[in-house]
Engineer: 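Sharing a structure here in structure tokens format.
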Amino acid sequence: MSSSQSYPQRFKARFTSDEPALCGDSLQGTSGKMTATDLQRSYVCKWTYNFAESYKFSNYSDYNTMFISITNTFSRESKCYYSHSRFTIDVPIENTGQKFTRAPCGGFVHLSQEPKNILNIPKSFNNTLDCGWIVIAPPGVRIETSIEGIFNHDCSDEFLTVHHGLTQSMSVLEYCKNKIPAKSIVTSFMNTFIQYHSKAQQSTNLKLVMKVASSQCGGYLNGYERIFSSPNYPNHYDENTECTWVIQASIGYRVSLSFFQRFVVEDTVNCTKDAVIIYDWVNGSYQELAKLCGREIPSVLNSTSTRMKVVFRTDSNINLDGFTAEWTEICGGVFTATDIDQFIYSPGYGSGYDPLLDCSYEILAPTNNKLIVQFQDFALEGIYPECKYDNLTITGEREYNFLLKIFCGKHIPPILENYEKVMINFKTDSIGQDKGFKLSYSLYKCGGKITEPTMIRTGSAEEYFNGLNCTWIIEAPSDKVIIVNFAYIDIEPHYSCSNDYIAVFDGSQIENDHRLALLCGKINSSTVIKSNSSRAIVQFVSDDFLNYKGFQAQISFSYGEAVGCGGVISLLSVTQYSLKSPRIGNSFVYENYLDCHWFVNAPEDHVVKVEFTAFHVSPCANVNQTAIGIRKCSCDFVEIRDGLNPDSLLIDKFCGHTLPPAIVSSTNVLSIRLSTDGEIVSSGFEISLSLQSSRCFPTEITVDFNVQKIHSPGFGRGDIPRGLHCKYILKGTSSVIPTHLRVNYLDLEPAESSSTHKGVELEVSYIGQCGRNYTESYGLLQNSYIQDYNVNLLSCSNLITAPENYTISIYIIEMYPSYFHGEAYFEILDGDKLSSPSLYKVQSSYIMQSVTSTGRYLLLHNVMKGTEQIMYNINYVTTDKGRGCGGRLINEFGRITSPMYPEVYRKRSTCEWELETPIGIQLRLHFSEFDLGLLCDQNYVSLVDRNGNIVSSYCSETPADYTSEDNYVKVVYTTTMSNGGTGWIADIVGIVDL
């Protein structure tokens, strides 16, 4: 045999074993359980039950059904099987939950023209009953089915289903207390499987009567019977006849009905005598689609769902030829959204779609309404984003916005909100199919009436939309007040919140005199607004321009000041005050679901000292609060803020049973909040409030172009007072000139330190917008809008300088091009001169990408013309590991991307980004784009904590949002020359533990 030849190598083996089987046995009796050993590997078990033997030696001859309850890896299933001398079930099972029960009912039934009651169930039974029957009809006939008697239980506790074929396939008929058809149903199935389920009953008279139909009028039509005709066609139809055909298409398809050959039905105005009436199945009921008569062949009629009904009705005179019709399955269509969620399925959803499909769906919103479309499930053949084989193309239209994207694989499309129209085109090739998709659609709604605790938000999309005016009217019980707890706020910033804003009002009217809060900008920590009464309104308004993430708020109800839950505490006339948590109804513990706010006022030039004399505020259940500390609290807690506003600086938050340390405010106002959940309660707290002279003056500084220095008390003397909390307010005379704040000295140690330390020195001043040289290793850069109506071009440049042998990477967080003109632009140059090569340029549009230098300089060049200006919000990092490969970023929010995004990064490297937020603020990481190709063992992203532990690694699936345990995470990107993905975008935001 030559070495070039090859033959298949095969072998055959047989083995036996004398070891006992791991599972399997002979089953006996009317009930029992099947158990198996949990070996964490695959193996086969066999249980046998011989019905024929049980009939010989027992009185089980009426027990013709075996009901089997199976727990498998994916779901819990209950199956009802008819008895047979040998029956095999192949299903993966776990080691618990396999039970069988024999029921005194069921069996085989052969039909004839004589009516026969299929349900041989007992007239009364004390346990749940599950029965199965196989009904066999002669070939080529129709079966007429009707229900007699009544169902005694609700539909969930007693029902009857009729299935086509010998197994529990999709049910074609369903009967229960609320589903009893007025007339008999005619089907054309040779074999029918019937299942009955009921809880215990004292007496039942229910019957399911079936027989071979003598008439060919009407029937249930599925994929096996596509053509039907009026009785006697092409001869004259009968008088006083009513025939009903129910047409059922496969899941994901619609019914298309066409008439051919002849259509001759007595012609009258509005078809009041003989008529063919077509009904469409819409939202759970039939709606008339057309009423036909005359001699012209009607146009094609299409259903909006999988079901259509055709009724042929004649009177007592003028009988004509009638009609013949054919129905086919079609996909796609035009759909109009309503307030109710409706669903669209791909053809064959769940069991696999067909090859060579081309389905177009158009989803519309009525005039002055918007859509929300959300994919519930998605699995197509192909690799995203190439999608060369099977794919889904989504087109969305709304004012000032157009969406066009292609999806495949398991990359589920995003939620589509606030569109007037969404078009979807689903195409498949000739080989390789998958599960398909399921989506829901409805009208986009915001606002409404709220009478119980709930969550409200601007929407599910990444950004809210233009032109919104959402109003939530909130009504609490008469003895409660309303708590609006904003988890985050990210609204277009404005010094007067006049563009986009959130307004909270006390009472039932939108009146400025009753406004509790007006909010905009970006707030990552919890912001809590409390009403003064049992009525409140939350209003969200957006204009037609910039869009941000929006907000999310929890609405809850709490007791108010009348029972000691919150209030105003004045230290203007007293120097000391004792505050206790409320105990309602002479209880020894505080109530669940409290949210109490106390506001403390003191004289000018004084601060407020808070000392806890008793403290028992329950931590979360099963949490070792001693181990994690009194400040990590997310259930019941007390928080103290340095001011009266809900977003004032959070000084600290406490829970547990250890006395917190004393706290001093930075000014003469302070707020205290007690929040409790619905679980463990405790005795609460007692606080002593007292006055102290302030040592932090001056606390308000007017900023100008002169450099001013701010010193901590005792600066330079080595005498840093303990227990201080100083806050400095920087007030500017201009809202558009940037303020520069620099830390000159930072020399502090904890209170237990015995060494001498200098303290803190800051300097502050205005700076110009142009001509800056940023030499820090990382930074966040935002330009300000300049109100200049000069028609001449204005040029503004700023330089970023990295150390020698470093490169700079700029990541675009936000960019606002000039949509209306073309002379203004923003450009990033690869060097320190205007003649340097251009890396990136923005005019009327922009592309989301990273921009990386080849050397140590990047020049930001902005050209403006009057009000035509490009606005940007970017951050940058520097690295010596190669272009775009890693860096360090410390901030409360920002963005990083893979090197050279969205270019494919084909290089063997390990890039590391160290991300950090201020101390006490956790870091949340969100990947908005993620595509690393196919080789997961070579190209992947890892998240590493401060101790060097790998938290998780990702490749094929987009990572879930990650929240760090502390304020640090490292992103490590490992790549090879075979990397094939476009990379990733990761957004960073700091959050305060709520």
Side-chain angles (χ1 to χ4, degrees), residues 381-389 391 405-411 432 777-778 802-812 828 830-831 837-840 847-858 875-889 895-915 925-944 948-960 962 969-988:
E381 181 201 12
I383 301 171
Y384 181 84
E386 287 84 3
C387 299
K388 296 178 181 178
Y389 308 111
N391 57 66
K405 285 192 175 182
I406 299 177
F407 298 91
C408 65
K410 292 181 170 56
H411 191 93
S777 61
Y778 61 88
E804 290 284 351
N805 300 320
Y806 276 67
T807 58
I808 307 163
S809 294
I810 286 180
Y811 308 114
I812 300 169
I828 302 177
D830 190 22
S838 176
L839 294 174
Y840 184 73
I847 298 173
M848 180 61 69
Q849 67 177 74
S850 61
V851 182
T852 305
S853 68
T854 59
R856 59 183 299 221
Y857 299 108
L858 279 180
N875 59 243
Y876 73 89
V877 298
T878 58
T879 180
D880 61 350
K881 306 301 182 184
R883 294 186 67 194
C885 186
R888 189 181 185 209
L889 180 64
R895 170 173 288 179
I896 60 173
T897 75
S898 55
M900 318 306 291
Y901 180 87
E903 296 179 18
V904 177
Y905 186 65
R906 297 186 185 275
K907 187 175 181 181
R908 182 178 296 277
S909 64
T910 300
C911 303
E912 298 182 351
W913 289 263
E914 290 190 273
L915 309 176
L925 198 63
H926 168 73
F927 286 87
S928 57
E929 298 291 339
F930 196 83
D931 174 28
L932 303 191
L934 297 176
L935 302 177
C936 286
D937 58 334
Q938 300 178 24
N939 306 287
Y940 52 90
V941 169
S942 299
L943 304 183
V944 181
N949 302 314
I950 296 178
V951 177
S952 191
S953 294
Y954 307 94
C955 170
S956 58
E957 298 291 337
T958 300
Y962 169 73
V969 68
K970 181 192 293 183
V971 178
V972 181
Y973 184 32
T974 302
T975 59
T976 65
M977 294 294 292
S978 60
N979 184 24
T982 57
W984 45 267
I985 299 175
D987 293 316
I988 306 107

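What you see is a predicted model; the values in this text were computed from it and never measured.
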Engineer: Would the number of heavy atoms belonging to other residues, nucleotides or ligands and lying under 6.0 Å from CD of Glu386 be above 12?
Structural biologist: yes
Engineer: Got more than 12 heavy atoms from elsewhere within 6.0 Å of OH, Tyr940?
Structural biologist: no
Engineer: Can any side-chain N or O of Ser853 pair as donor or acceptor with the backbone N or O of Ile808 at less than 3.5 Å?
Structural biologist: yes
Engineer: Nearest 0.5 angstrom please: Leu839 CG to Ser850 OG, how far?
Structural biologist: 10.5 Å
Engineer: Compare every heavy atom of Arg895 with every heavy atom of Ile812, then report the nearest pair and how far apart it is.
Structural biologist: O-NH1, 2.9 Å
Engineer: Testing the basics here: between Gly884 and Pro899, what is the closest heavy-atom pair and its distance to 0.1 Å?
Structural biologist: O-CG, 3.4 Å
Engineer: Kindly indicate whether the side chain of Asp987, heavy atoms from C-beta on, has any atom under 4.5 Å from the side chain of Ser928.
Structural biologist: yes
Engineer: Of the non-hydrogen atoms in Cys387 and Asn391, which two are nearest, and what is the gap between them?
Structural biologist: O-ND2, 3.3 Å
Engineer: Just wondering, more than 12 heavy atoms not from Arg908 lying within 6.0 Å of its CZ?
Structural biologist: no
Engineer: Quick one: pull up CG in Asp830 and OG1 in Thr854 and give me the separation to the nearest 0.5 Å.
Structural biologist: 3.5 Å
Engineer: Can you check whether Pro385 reaches Asp931 side chain to side chain, under 4.5 Å on heavy atoms?
Structural biologist: yes
Engineer: Give the minimum heavy-atom separation between Ile896 and Leu915, together with the two atoms involved.
Structural biologist: CD1-CD1, 4.0 Å
Engineer: Please report the closest heavy-atom contact between Leu858 and Val851, naming both atoms and the distance.
Structural biologist: CD1-O, 4.4 Å
Engineer: First locate atom OH of Tyr811, then atom OG1 of Thr897, and finally report the distance between them rounded to the nearest 0.5 Å.
Structural biologist: 5.0 Å
Engineer: With rounding to the nearest 0.5 Å, note down the distance linking SG in Cys408 to CD1 in Ile383.
Structural biologist: 8.0 Å
Engineer: Mind checking whether Thr974 and Asn939 have side chains closer than 4.5 Å, heavy atoms only?
Structural biologist: no
Engineer: Would you compute the distance between atom OG of Ser898 and atom CD of Glu903 and round it to the nearest 0.5 angstrom?
Structural biologist: 10.0 Å
Engineer: When you measure from the side chain of Thr975 to the backbone N and O of Lys907, does any donor-acceptor pair fall under 3.5 Å?
Structural biologist: yes
Engineer: Check Leu889 against Tyr876 and note the closest heavy-atom contact, atom names and distance.
Structural biologist: CD1-O, 4.4 Å
Engineer: Can you tell me how far apart CD1 (Ile950) and NZ (Lys970) are? Round to the nearest 0.5 Å.
Structural biologist: 10.0 Å
Engineer: More than 12 heavy atoms of other residues, nucleotides or ligands under 6.0 Å from OH of Tyr389: is that the case?
Structural biologist: no
Engineer: Is the gap between the ring centers of Trp984 and Tyr973 under 6.0 Å?
Structural biologist: yes
Engineer: Just wondering, are more than 12 heavy atoms of other shown residues or ligands nearer than 6.0 Å to CG in Asn805?
Structural biologist: no
Engineer: Less than 4.5 Å apart, any side-chain heavy atom of Val972 and any of Val941?
Structural biologist: no
Engineer: Given side chains that start at C-beta, do those of Thr879 and Val877 come closer than 4.5 Å, heavy atoms only?
Structural biologist: no
Engineer: Where do Cys911 and Tyr905 land on the side-chain contact (heavy atoms from CB on, under 4.5 Å) test, with the steps shown first?
Structural biologist: CA-CA 11 Å; Cys911 303; Tyr905 186 65; 4.1 Å; yes
Engineer: side-chain contact (heavy atoms from CB on, under 4.5 Å) between Val971 and Leu943: does it pass, once the steps are laid out?
Structural biologist: CA-CA 5 Å; Val971 178; Leu943 304 183; 4.0 Å; yes
Engineer: Please work out whether the ring planes of Phe927 and Phe930 are parallel, tilted or perpendicular, with thresholds of 30° and 60°.
Structural biologist: perpendicular
